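Step one of this worksheet: look at the structure below.
All chains are named by letter (A, B, ...) in the order of the sequence lines, taking the proteins before the strands, and each is independently numbered beginning at 1. What you see is a predicted model, and the numbers here were worked out from it, not measured in a lab. Hydrogens, waters and symmetry mates are skipped; everything else that's a heavy atom, side chains included, is used.
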Amino acid sequence: MLDPNRFRRELDETASALARRFFDLDVDAIRRLEADRRDLQTRVEALRNQRNVRSRAIGKAKAAGEDVRPRLGDISRLGEELEAAEQGLGEVRDRLDAMLLEVPNLPHPSVPAGRTEAENLEVRQWGAPPRFDFEPRDHVELGSGGMDFDTAARLSGSRFVTLFGPMARLHRALAQFMLDLHVREHGYLEVYTPYLVHPKTMQGTGQLPKFEQDLFSVAGHDLRLIPTAEVPLTNIVRERILDADELPMKFVAHTPCFRSEAGSHGRDTRGMLRQHQFDKVELVHVVRPDDSYDALEELTTHAEAVLQRLELPYRVVVLSTGDMGFAAAKTYDLEVWLPGQQRYREISSCSNCESFQARRMRARWRGPQGRGTEPVHTLNGSGLAVGRALIAVLENFQDASGRVRIPDALRPFMDGAESL
RNA sequence: GGAGAGGUGGCCGAGCGGCUGAAGGCGCUCCCCUGCUAAGGGAGUAUGGGCUUAUCCCCCAUCGAGGGUUCGAAUCCCUCCCUCUCCGCCA
């Protein structure tokens, strides 16, 4: 949610900033609703004031032993008026809130304008795609021993996978390795979180109300399955006022993620690139507003460190305004090289949401010189998507015989095994 | 799931339906006193919104959440949520 004051004072500027990410803000509707809100609110408050004053007078009169009956007459008409005004105000507020909740974050000025991923800009590359003197296989072929889509389909349908034996072990090793790296070397606090959360929590990070169709719900309960640990991790500070010395906070969690993938029918149907359920190690920062862009760079290097330790070639791109997520002001994607596809594919997305989520969550901090609170800034990034990391390891470390070398960094988690 | 108890400010804790946004205490901040320490004295100390260029003032809202009764609700009624105790079930 954007700063409501912006909507009042700089509505047109806000609209043009949003136009950079191709969001069409209904300026007239907002202006109208805002004017109504203002009138109604002033009216409601004036009426309440009158009621309070008179009620208090009645109380005093009664205490003084006066006859209170003549005072009760005209106050009831006031009550009806107030009720009507309150109802009007409620409706206007609801409509205004509903609109505001569907407005995405403002892009940072450094974000390249563009409608699609075609306008993303490469920031840097690390490593070089491996050269093979044979036709590289993709992960589905390479995993044919322990990566079983048929069994998963029998259990749950399409877009699920079952891993067996060393493949399942490798999956666990990757998650374990990432978690340890972030905790031991990058200063994160490890967190275990719920995987089912209230709609309010989803609203805090921006998944709701707009993206209900992307989420899985639980029948008979008012709960949703998390599409990313960003949701529970970021909402840790929901409705809290933090002291200056509590910041920055850095959380890491390994969780499954559940996505309906509505709207991506036919895309990435082969293999385990795009699943309804996948594991991810997620990084979240809660920081002082002045620090958030430094934090974004830091967070991104933390995610990159995982790829570097795994010796996986990748590149970093800045997402264009049109390719960014709803809550993000600026996003770096990490794209890992996949020999099976001969292209870079997203394996991490690191975003600064500035105060967008904090406002929705009512997460604030108190500045060091006291006086007043303001929203914190929140950031999140994958460090990394575990399933995709598994794919990347299989495809990048294959040899002509179809064996897969295990990168050194993972061997301690694989009982020292050198290959798969 | 059943029975009971309870949810009040950063914390503890009081609160006959009427100056109670809320006593008192602790904590914290500032000031005074003090050779130092300890103790003591005084003042201040919620959040959101409206008004305002801004501050102060003033106004509105908030005592788990949402409804209701009433001129008036932290106080009465209803529903829901959460916590605790006991029972049941269970990894």
Side-chain angles (χ1 to χ4, degrees), chain A residues 1-11 13 30-31 33-97 99-101 192-204 208 218 220-224 232 235-247 249 256 355-376:
Chain A
M1 183 142 61
L2 301 178
D3 183 353
N5 285 318
R6 278 194 73 114
F7 279 99
R8 278 163 225 165
R9 299 203 226 291
E10 303 160 36
L11 185 55
E13 293 86 332
I30 289 183
R31 224 189 283 282
L33 282 170
E34 183 54 29
D36 286 353
R37 196 221 90 231
R38 210 183 162 96
D39 289 350
L40 283 164
Q41 181 161 342
T42 314
R43 199 171 143 66
V44 163
E45 290 189 0
L47 287 168
R48 279 186 188 152
N49 178 237
Q50 278 190 50
R51 184 201 59 194
N52 290 347
V53 168
R54 294 194 201 180
S55 291
R56 228 170 287 149
I58 289 175
K60 274 193 177 168
K62 215 172 182 178
E66 292 174 27
D67 181 14
V68 147
R69 302 183 63 133
R71 291 171 183 272
L72 296 179
D74 53 7
I75 209 168
S76 68
R77 192 171 54 249
L78 200 152
E80 287 166 26
E81 244 181 292
L82 177 60
E83 202 173 332
E86 275 176 336
Q87 202 191 329
L89 178 61
E91 283 168 15
V92 168
R93 273 217 173 117
D94 288 349
R95 268 196 286 167
L96 205 50
D97 287 349
M99 283 188 80
L100 263 36
L101 281 172
Y192 172 81
T193 77
Y195 305 151
L196 294 165
V197 300
H198 288 134
K200 277 273 176 221
T201 307
M202 290 288 185
Q203 184 176 301
L208 290 179
V218 182
H221 296 270
D222 199 18
L223 293 167
R224 307 286 182 277
N235 275 283
I236 287 172
V237 295
R238 146 191 214 81
E239 283 165 44
R240 290 237 292 142
I241 298 175
L242 304 162
D243 287 327
D245 60 13
E246 291 181 84
L247 301 174
M249 292 174 156
S355 61
F356 186 85
Q357 296 178 322
R359 265 181 230 287
R360 289 174 162 247
M361 297 188 298
R362 297 201 10 254
R364 292 149 291 169
W365 76 299
R366 216 186 295 277
Q369 60 272 55
R371 255 215 354 212
T373 62
E374 66 171 334
V376 295

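- Residues A:L223 and A:V197 fail the side-chain proximity criterion, which asks for heavy atoms closer than 4.5 Å.
- Regarding contacts with the backbone of B:rA61, a side-chain N or O of A:N52 is found under 4.0 angstrom from either OP1 or OP2.
- For CD of A:E83, the number of neighbouring non-hydrogen atoms (other residues, nucleotides, ligands) closer than 6.0 Å is 12 at most.
- The phosphate of B:rU47 (OP1 or OP2) has a side-chain N or O of A:R366 nearer than 4.0 angstrom.
- Put simply, CD on A:E83 is 12 Å from P on B:rG67, counting in whole angstrom units.
- A:L96 approaches A:I30 most closely through the heavy-atom pair CD1-O, 4.4 Å.
- The P atoms of B:rG9 and B:rG4 are separated by 27 Å, rounded to the nearest whole Å.
- Here the P atom of nucleotide B:rC59 and the CG atom of A:L82 are 17 Å apart, to the nearest Å.
- Atom-to-atom, CE of A:M361 to C1' of B:rU47 comes out at 17 Å; the value is rounded to the nearest Å.
- Rounded to whole Å, the P atom of B:rU20 lies 14 Å from the corresponding atom of B:rC59.
- As rounded to the nearest Å, B:rU45 and B:rC56 have P atoms that lie 12 Å from one another.
- The side chain of A:R38 places an N or O atom within less than 4.0 Å of a non-bridging phosphate oxygen (OP1 or OP2) of B:rC51.
- Partner assigned to B:rA54 is none, using Watson-Crick or G-U wobble distances below 3.5 angstrom.
- Comparing B:rC71, B:rC59, B:rG48 against the side chain of A:E45 picks out B:rC59 as the nearest.
- The residue among A:V53 and A:I241 whose nearest nucleotide of RNA chain B is located toward the 5' end is A:I241.
- For the pair A:R362 CZ and B:rA65 P, the computed distance is 11 Å after rounding to whole Å.
- The nucleotide B:rA14 finds no pairing partner, because no Watson-Crick or G-U wobble arrangement with both distances shorter than 3.5 Å includes it.
- For the pair A:R240/A:E246, a side-chain contact is recorded, criterion being any heavy-atom separation below 4.5 Å from C-beta on.
- In this structure, A:R360 contributes its side chain and A:Q203 its backbone to a donor-acceptor pair below 3.5 Å.
- With a cut-off of 3.5 Å on both Watson-Crick or G-U wobble distances, the partner of B:rG6 is given as B:rC82.
- The distance from atom CH2 of A:W365 to atom C1' of B:rG10 is 18 Å, rounded to the nearest whole Å.
- Under the Watson-Crick and G-U wobble criteria, each requiring two contacts below 3.5 Å, nucleotide B:rC28 is paired to B:rG44.
- Among the nucleotides B:rU47, B:rG48, B:rG50, the one closest to any side-chain atom of A:T373 is B:rG48.
- Here the closest non-hydrogen pair linking A:R93 and A:R37 is CG-CG, 4.4 Å.
- Between A:R48 and B:rG50 there is no side-chain polar atom (N or O) within less than 4.0 angstrom of OP1 or OP2.
- Rounded to whole Å, the P atom of B:rC81 lies 27 Å from the corresponding atom of B:rA14.
- The separation of B:rG1 from B:rA61, taken at their P atoms, amounts to 37 Å, rounded to a whole angstrom.
- With both pairing distances under 3.5 Å, B:rA91 is matched to nothing as a Watson-Crick or G-U wobble pair.
- With A:R359 as reference, A:D3 is the one residue of A:D3, A:L2, A:V376 to meet the side-chain contact (heavy atoms from CB on, under 4.5 Å) rule.
- Within the 4.0 angstrom heavy-atom criterion, no nucleotide atom of any strand lies near A:L78.
- Here the P atom of nucleotide B:rC81 and the NZ atom of A:K200 are 17 Å apart, to the nearest Å.
- Looking at heavy-atom distances under 4.0 Å, A:R240 makes no contact with the nucleic acid at all.
- Atom name C1', nucleotides B:rG17 and B:rA5: the rounded distance is 25 Å, in whole Å.
- The base-pairing partner of B:rA73, taking Watson-Crick or G-U wobble contacts with both distances under 3.5 Å, does not exist among the strands shown.
- Look at the P atom in both B:rC84 and B:rC12: the space between them is 15 Å, to the nearest Å.
- Whole-Å rounding puts the A:L40 CG to B:rG49 P distance at 19 Å.
- By the 4.5 Å heavy-atom criterion applied to side chains, A:P199 and A:D222 are counted as neighbours.
- B:rC11 atom C1' lies 14 Å from atom CG of A:D243, rounded to whole Å.
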Grab the N/O contacts between the protein and nucleotides 16-18 of chain B below 3.5 Å, and write none if there aren't any.
| from | atom 1 | to | atom 2 | distance (Å) |
| --- | --- | --- | --- | --- |
| B:rG18 | O6 | A:K62 | NZ | 3.0 |
| B:rG18 | N2 | A:S55 | O | 2.7 |

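- Considering only heavy atoms from C-beta on, A:L242 stays 4.5 Å or farther from A:R366 through its side chain.
- Comparing the C1' positions of B:rC33 and B:rA43 gives an interatomic distance of 15 Å, to the nearest angstrom.
- For B:rC59, the OP1/OP2 oxygens have no side-chain nitrogen or oxygen of A:N49 closer than 4.0 Å.
- For A:E45 and A:Q41, the side-chain atoms include at least one donor-acceptor pair closer than 3.5 Å.
- B:rU37: no Watson-Crick or G-U partner with both key distances under 3.5 Å is found in any strand.
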